[in-house]
Amino acid sequence: QVQLVESGGGLVQAGGSLRLSCAASGRTFSMYAMGWFRQAPGKEREFVAAMRWSDVQAYYTDSVKGRFTISRDNAKNTVYLQMNSLKPEDTAVYYCAAGPILGPLQSGRFAAYWGQGTQVTVSS
C-alpha cells in the first residue's frame, strides 16, 4: 500500500507562485511514476505533470509548460510541483498520484494511488 500526503496549496494572486509537496510512504518507488493532477469545479480531473522515479525526464500538459516544474527528492520520498506565473484558470484541487508505469505518463494510467488533494486558488 502507498500513502500520499500533499501540502502547500493556498490562495495566491495571479502571477504569483506556489510549491506543492507530496510525501510518499509505504513501499519503494524505484519502478514507479509520480505526478500531479487537478480538478477544477465542474470539470473532469486532468493530468498536469509526471516523472518516473528512476530518471529526470518530466512530462507536462501543454497549458502549464514553461510555468510549472515537477521535481523529486529521493531521500525524502517527496515530489514537488513548483508553480510560477499562476493564472486564475489554474484554480483547482491538486492531487498527487503514484503507481506503476503503464504506458506514456501523460495518459495518467500510472495513477493507482492518490493523495487527499490540496486546494489552489488564484485570484485575478
Side-chain angles (χ1 to χ4, degrees):
Q1 189 71 2
V2 174
Q3 294 80 42
L4 303 172
V5 179
E6 301 111 332
S7 60
L11 173 64
V12 64
Q13 288 188 332
S17 299
L18 283 174
R19 189 177 80 155
L20 306 182
S21 300
C22 175
S25 61
R27 61 154 293 140
T28 59
F29 300 95
S30 60
M31 299 302 292
Y32 269 27
M34 293 188 71
W36 295 90
F37 295 72
R38 65 186 180 187
Q39 187 167 19
K43 295 187 177 181
E44 293 187 353
R45 189 175 300 186
E46 66 170 349
F47 170 83
V48 176
M51 67 188 309
R52 297 179 183 87
W53 203 256
S54 58
D55 62 41
V56 297
Q57 179 66 52
Y59 303 84
Y60 301 92
T61 191
D62 286 346
S63 62
V64 308
K65 285 180 180 177
R67 300 188 299 122
F68 291 12
T69 303
I70 187 172
S71 63
R72 69 177 189 268
D73 183 331
N74 289 6
K76 296 181 178 180
N77 272 355
T78 299
V79 172
Y80 304 98
L81 185 67
Q82 178 66 44
M83 305 185 294
N84 299 328
S85 302
L86 282 161
K87 304 175 180 180
E89 51 263 43
D90 294 318
T91 295
V93 177
Y94 283 70
Y95 296 91
C96 177
I101 298 168
L102 301 174
L105 298 190
Q106 302 94 313
S107 71
R109 290 199 295 270
F110 69 89
Y113 303 97
W114 294 89
Q116 80 283 0
T118 185
Q119 177 70 47
V120 172
T121 303
V122 185
S123 63
S124 58

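The basis for the numbers below is simple: all heavy atoms, side chains too, and nothing from hydrogens, waters or symmetry mates. Everything quoted here is computed from the prediction, not taken from an experiment.
Within the 3.5 Å criterion, the main-chain N or O of V48 finds no donor-acceptor partner in the side chain of T61. Without hydrogens or angle criteria, E6 side chain to G117 main chain gives a donor-acceptor distance under 3.5 Å. Side chain of T91 to main chain of V122: a donor-acceptor pair is present (N/O by atom type, distance under 3.5 Å, no hydrogens or angles).
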- Task: Please report the C-alpha distance between M83 and Y94 in whole Å, then the side-chain angles of each, then the deciding distance to 0.1 Å, and finally whether the side chain to side chain contact (heavy atoms under 4.5 Å, CB included) criterion is met.
- Result: CA-CA 11 Å; M83 305 185 294; Y94 283 70; 3.9 Å; yes
- Query: Can you list the steps and then say if Y95 with L4 is a side chain to side chain contact (heavy atoms under 4.5 Å, CB included)?
  - Reply: CA-CA 9 Å; Y95 296 91; L4 303 172; over 6 Å; no
- Query: What's the verdict on side chain to side chain contact (heavy atoms under 4.5 Å, CB included) for L86 and L18, showing C-alpha distance, side-chain angles and the deciding distance?
  - Reply: CA-CA 8 Å; L86 282 161; L18 283 174; 4.2 Å; yes
- Verdict with reasoning, R38 to V93, per side chain to side chain contact (heavy atoms under 4.5 Å, CB included): CA-CA 5 Å; R38 65 186 180 187; V93 177; over 6 Å; no
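Taking a cutoff of 4.0 Å between a charged side-chain nitrogen and a carboxylate oxygen, D90 and K87 do not qualify as a salt bridge.
Taking 4.5 Å as the limit, some side-chain heavy atom of P100 sits within range of a side-chain heavy atom of Y32. The shortest distance between side-chain heavy atoms of R45 and W114 falls below 4.5 Å. The closest side-chain heavy-atom distance from I70 to Y59 is not below 4.5 Å. Residues Y60 and F47 are not in side-chain contact: their nearest non-hydrogen atoms beyond the backbone lie 4.5 Å or more apart. When side chains are defined from C-beta on, Q82 counts as touching S17, because their heavy atoms get closer than 4.5 Å.
Here the shortest heavy-atom pairing between P104 and R109 reads CD-NH2, 3.7 Å. Residue A49 comes nearest to L81 through the heavy atom pair CB-CD1, 4.2 Å, listed as atom of the first residue, atom of the second, then distance. Heavy atoms only, all atoms of each residue included: F110 and F37 are closest at CZ-CE1, 3.8 Å. Residues R72 and S54 approach most closely at NH2-C, 3.9 Å, considering heavy atoms. The nearest pair of heavy atoms linking A14 to P88 is CB-CD, 4.1 Å. In this structure, V79 and W36 approach most closely via the heavy-atom pair CG1-NE1, 3.6 Å.
Side-chain contact of T78 with D73: a donor-acceptor pair under 3.5 Å is absent, judged by distance alone. T121 and Q119 share a side-chain donor-acceptor pair at under 3.5 Å.
Of the inter-residue distances, the one linking S123 atom OG with Q13 atom CD reads 5.0 Å to the nearest 0.5 angstrom. Between S7 atom OG and R19 atom CZ the span is 8.5 Å, to the nearest 0.5 Å. Interatomic distance, S107 OG to L102 CG, rounded to the nearest 0.5 Å: 8.0 Å.
More than 12 heavy atoms of other residues, nucleotides or ligands lie within 6.0 Å of CD in Q57, so this atom counts as buried by the packing criterion. Within a 6.0 Å sphere centred on CD of Q116, other residues, nucleotides and ligands contribute more than 12 heavy atoms.
Residues M51 and W53 are members of one and the same hydrophobic cluster, defined by side-chain heavy-atom contacts under 4.5 angstrom among Ile, Leu, Val, Met, Phe, Trp and Tyr.
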